Amino acid sequence: MTAPTAPTAPGGPYGSWPSPIDAALAASHDGRPEYVGTVGAEVWWTEPRPREGGRRTLVRRPADGRAARSVLPAPWNVRSRLTEYGGLPWAGAERPAGGPLVVFVHHADQRLYAYEPDAPGSPPPRPLTPLSAVGGGLRWADPVLRGAEVWCVLEEFTGPAPTDVRRVAAAVPLDGSAARDRSAVRELTDDRHRFRTGPKPSPDGRRAAWLVWDHPRMPWDGTELQLADIAPDGALGAPRTVLGGPEEAVAQVAWAADGSLLAVSDRSGWWNPYRVDPDGGGAVNLCPREEEFGGPLWKPGLSWLAPLPDRLLAVLHGQGASALGVLDPDSGDLVDAAGPWTAWQPALAVSGTRVYGVAASPRSAYEVVELDTVTGHTRVVGAPATDPVDPAHYPEPQTRTFPGPGGREVHAHVYPPHHPARRAPADELPPYVVWAHGGPTDHVPPVLDLHIAYFTSRGIGVVEVNYGGSSGYGRAYRERLREQWGVVDVEDCAAVARTLAAEGTADPARLAIRGGSAGGWTAAASLAATDVYACAAVIYPVLDLRGFAGETHDLESRYVDYLAGPPQTLAVRSRERSPVALADRITAPFVLLQGLDDPVCPPAQAERLLAALRGRAVPHAYLTFEGEGHGFRRAETMVRALEAELSLYAQVFGFERDDVPRLELHTG
């Protein structure tokens, strides 16, 4: 008897497949929970609201297990602008009279507010700090409640330039007196150090610890862990450095319940956890492994380590991907939590024997997860809304290591085109888009991203490249990019693309590259330096090294010293590598997407590239978005950007799409 023939999946060229994952759905799930913390037995966090103007709300999950809910209606927006990237924007504690007291930064005016959601009559949040100029003036982040004060970082602008700024540790009274009088804010430190995290008081209240660093270093280059005594009147004594230095990056400091001082340092070449002698007696590596227990400190308040009772530590660790584990620092035993998650954000918090974090997997977007360290049980306590999409449309990432130039390894995650009911002709190879992440000291894990699924479900492959310079693989891998930005990142992305083409995975004539911020630099630089790509999507990019050094915000104003070389060589490196300087080499079509309120990569960068291309027949489109800064947050912006990108690929790669507006490409 002959077996029945399996039905053949409907055909259709790659890129032309229908998909239930439209741009609006992808945009509605953009962003992730952040800044998890506990208030008594409750767990709180911030959560994005793309459909509400891109604001972030504060979410509360009661201890009785009721569903999590937003505690702040629009237009409240819990987000700090410290150093433009922000930082921990809230803190909370149980009041002796009952109910939580929460302090938070409101994005619109950057003031600190106090809020008691359970108070009789539901009074609105009340300001704690004075009103100042929006976009300048005073900013606050990394708060902690201490008695009748909020201890935090204060950023104060002193002039019109982005670098006219000072930062100190400060104490803000909870009685609201500083809302009208700036002098009521106590400055706990001087401003000798350019950058810092907020002071963390020890459990006995006798000491405080924090991190500092200075130009031209970034926090993953070299930081110092400083310690000071707290006087009875709340003043801080003279600080002393107990760990770190110019070639050692301390990513986090924390106090254990027994008063032990803990830190995450890369002094071994990998970010590992340490117990630090507060009296200067050195530090002991609690888990010496060639794994990362920390990451780049782009924002103060990130947490890869959280002390538990009985001297145990909750830690995030891994190489490339990450896991949540419980470390016994006395024995060195490390036991990982069960579950499908392949990436954890640095947002650990602890309440008793329970650990909370933000995690994702290839089948689930970022969600808030609870680990009961007594039973070992894990569960999701805060998740995004359920997608009206069959998960069969999600791509399955393949984590691979590719050969790069000079024998170096390049790490990447490959997302092949995938549709449960579509199959391309057997003689057709799929188009692929190389995604270059931002940072460039960032790292992309293999997790569900509906922006990727938007393309793969239509028949367009995606490969995310953790090029040399990425975090997650040790300090030596990060430092491949030292003075090589525009070279190593470009070469590594091209090596991955060429390998996919050579092995028959991707169509060599239909390769594209896309990226935002530093990834936008890599995308544009790749068009100028290689002939690998047929087109590119360049998103709020760096395009001119010299201009970037003078136009960007204070945090990254000396970053090019590391990425391209010291100031005396910058002019030469800029002419050799900047897409603006090499515009005559760009021939492939591209779309350039730019927020008009971007203080990190301002529109002047994009406009100089367009000016350099004037008179040349390079098809391109320039889309700008009012009210958007560095990183798109509004749903309508993300919808327009995704649809424009898809239209570009359709026109260049030669497939039909009638479900998105046609992107008008201009020349000259």
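None of the values given here were measured: they were computed from a predicted structure.
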Task: Donor-acceptor under 3.5 Å (Asn466 side chain, Val444 main chain) - done: yes

Open item on the list: Counting only heavy atoms from other residues, nucleotides and ligands, does the tally under 6.0 Å from CZ of Arg363 exceed 12?
Closed with: yes

Task: Donor-acceptor contact present, side-chain Arg139 to main-chain Val153, <3.5 Å - done: no

- [ ] Using a strict cut-off of less than 4.0 Å between a Lys/Arg side-chain nitrogen and an Asp/Glu carboxylate oxygen, indicate whether Lys200 and Asp142 qualify as a salt bridge.
- [x] yes

TODO: Only counting residues at least two apart or in another chain, list the ones meeting ring-ring contact (aromatic ring centres under 6.0 Å, His included) with Trp341.
DONE: Trp344

Open item on the list: To check you understand the geometry: which heavy-atom pair defines the closest contact between Leu188 and Pro199, and what is its length?
Closed with: CD1-CG, 4.3 Å

Open item on the list: Is the distance from the ring center of Tyr113 to that of Trp76 below 6.0 Å?
Closed with: yes

TODO: Look only at the side chain of Arg60 and the backbone of Arg69, and say whether a donor-acceptor pair between them is shorter than 3.5 Å.
DONE: no

Task: Between His411 and Ser470: side-chain donor-acceptor atoms closer than 3.5 Å - done: no

TODO: Look at atom CD of Glu94 and say whether more than 12 heavy atoms of other residues, nucleotides or ligands are closer to it than 6.0 Å.
DONE: yes

- [ ] Kindly compute the distance separating CZ (Arg311) from CG (Leu286), expressed to the nearest 0.5 Å.
- [x] 9.0 Å

Open item on the list: If the threshold is 4.0 Å, N to carboxylate O, is there a salt bridge linking Arg167 and Asp554?
Closed with: yes

Open item on the list: For residues 214-234, which residue pairs pass the ring-ring contact (aromatic ring centres under 6.0 Å, His included) check, not counting sequence neighbours?
Closed with: Phe195-His215, Trp220-Trp298, Trp220-Tyr559

TODO: Considering only NZ, NE, NH1 and NH2 on the basic side and carboxylate oxygens on the acidic side, decide whether Arg61 and Glu370 come within less than 4.0 Å.
DONE: no

TODO: Considering non-hydrogen atoms only, spot the tightest contact between Ala359 and Val369 and give its length.
DONE: CB-CG2, 4.1 Å

Open item on the list: Can you confirm whether Arg192 is buried at CZ, in the sense that more than 12 heavy atoms of other residues, nucleotides or ligands lie under 6.0 Å from that atom?
Closed with: no

Task: Residues Thr38 and Ser351: side-chain donor-acceptor under 3.5 angstrom - done: no

Open item on the list: Tell me whether Arg95 is salt-bridged to Asp118, with the criterion being a basic N under 4.0 Å from an acidic carboxylate O.
Closed with: no

TODO: Please examine the side chains of Arg207 and Pro201, heavy atoms only from C-beta on, and report whether any two atoms are closer than 4.5 Å.
DONE: no

Task: Greater than 12 external heavy atoms within 6.0 Å of Glu187's CD - done: yes

TODO: Work out which heavy atom in Ala518 is nearest to a heavy atom in Trp485; give both atom names and the distance.
DONE: CB-CZ2, 3.7 Å

- [ ] Determine the minimum heavy-atom distance between Ala91 and Pro143, stating which atoms define it.
- [x] CB-O, 3.5 Å

Open item on the list: So which atom in Pro216 and which in Asp561 form the shortest heavy-atom distance, rounded to 0.1 Å?
Closed with: CB-OD2, 3.6 Å

Open item on the list: Using the ring-ring contact (aromatic ring centres under 6.0 Å, His included) definition, which of the options Trp304, Trp270, Phe293, Trp271 pairs with His317?
Closed with: Phe293

- [ ] Taking only Lys NZ, Arg NE, NH1 and NH2, and the carboxylate oxygens of Asp or Glu, determine whether Glu47 and Arg49 approach each other closer than 4.0 Å.
- [x] yes

Open item on the list: For Ala283, give me all partners under side chain to side chain contact (heavy atoms under 4.5 Å, CB included), at least two apart in sequence or on another chain.
Closed with: Leu243, Arg267, Tyr274, Val276

Task: Straight-line distance of Asp336 CG to Thr378 OG1, nearest 0.5 Å - done: 11.5 Å

- [ ] Look at Glu224 together with Arg194 and state whether they make a salt bridge at an N to O cut-off of under 4.0 Å.
- [x] no

Open item on the list: Testing the basics here: between Asp492 and Gly468, what is the closest heavy-atom pair and its distance to 0.1 Å?
Closed with: OD2-N, 2.8 Å

- [ ] Answer whether the closest heavy-atom distance between the side chains of Leu174 and Leu145 falls below 4.5 Å.
- [x] yes

Open item on the list: Using a 3.5 Å distance criterion without hydrogens, assess whether the side chain of Gln110 forms a donor-acceptor pair with backbone atoms of Arg79.
Closed with: yes

- [ ] Determine, for Arg66 against Glu42, whether the closest basic-nitrogen to carboxylate-oxygen distance falls under 4.0 angstrom.
- [x] no

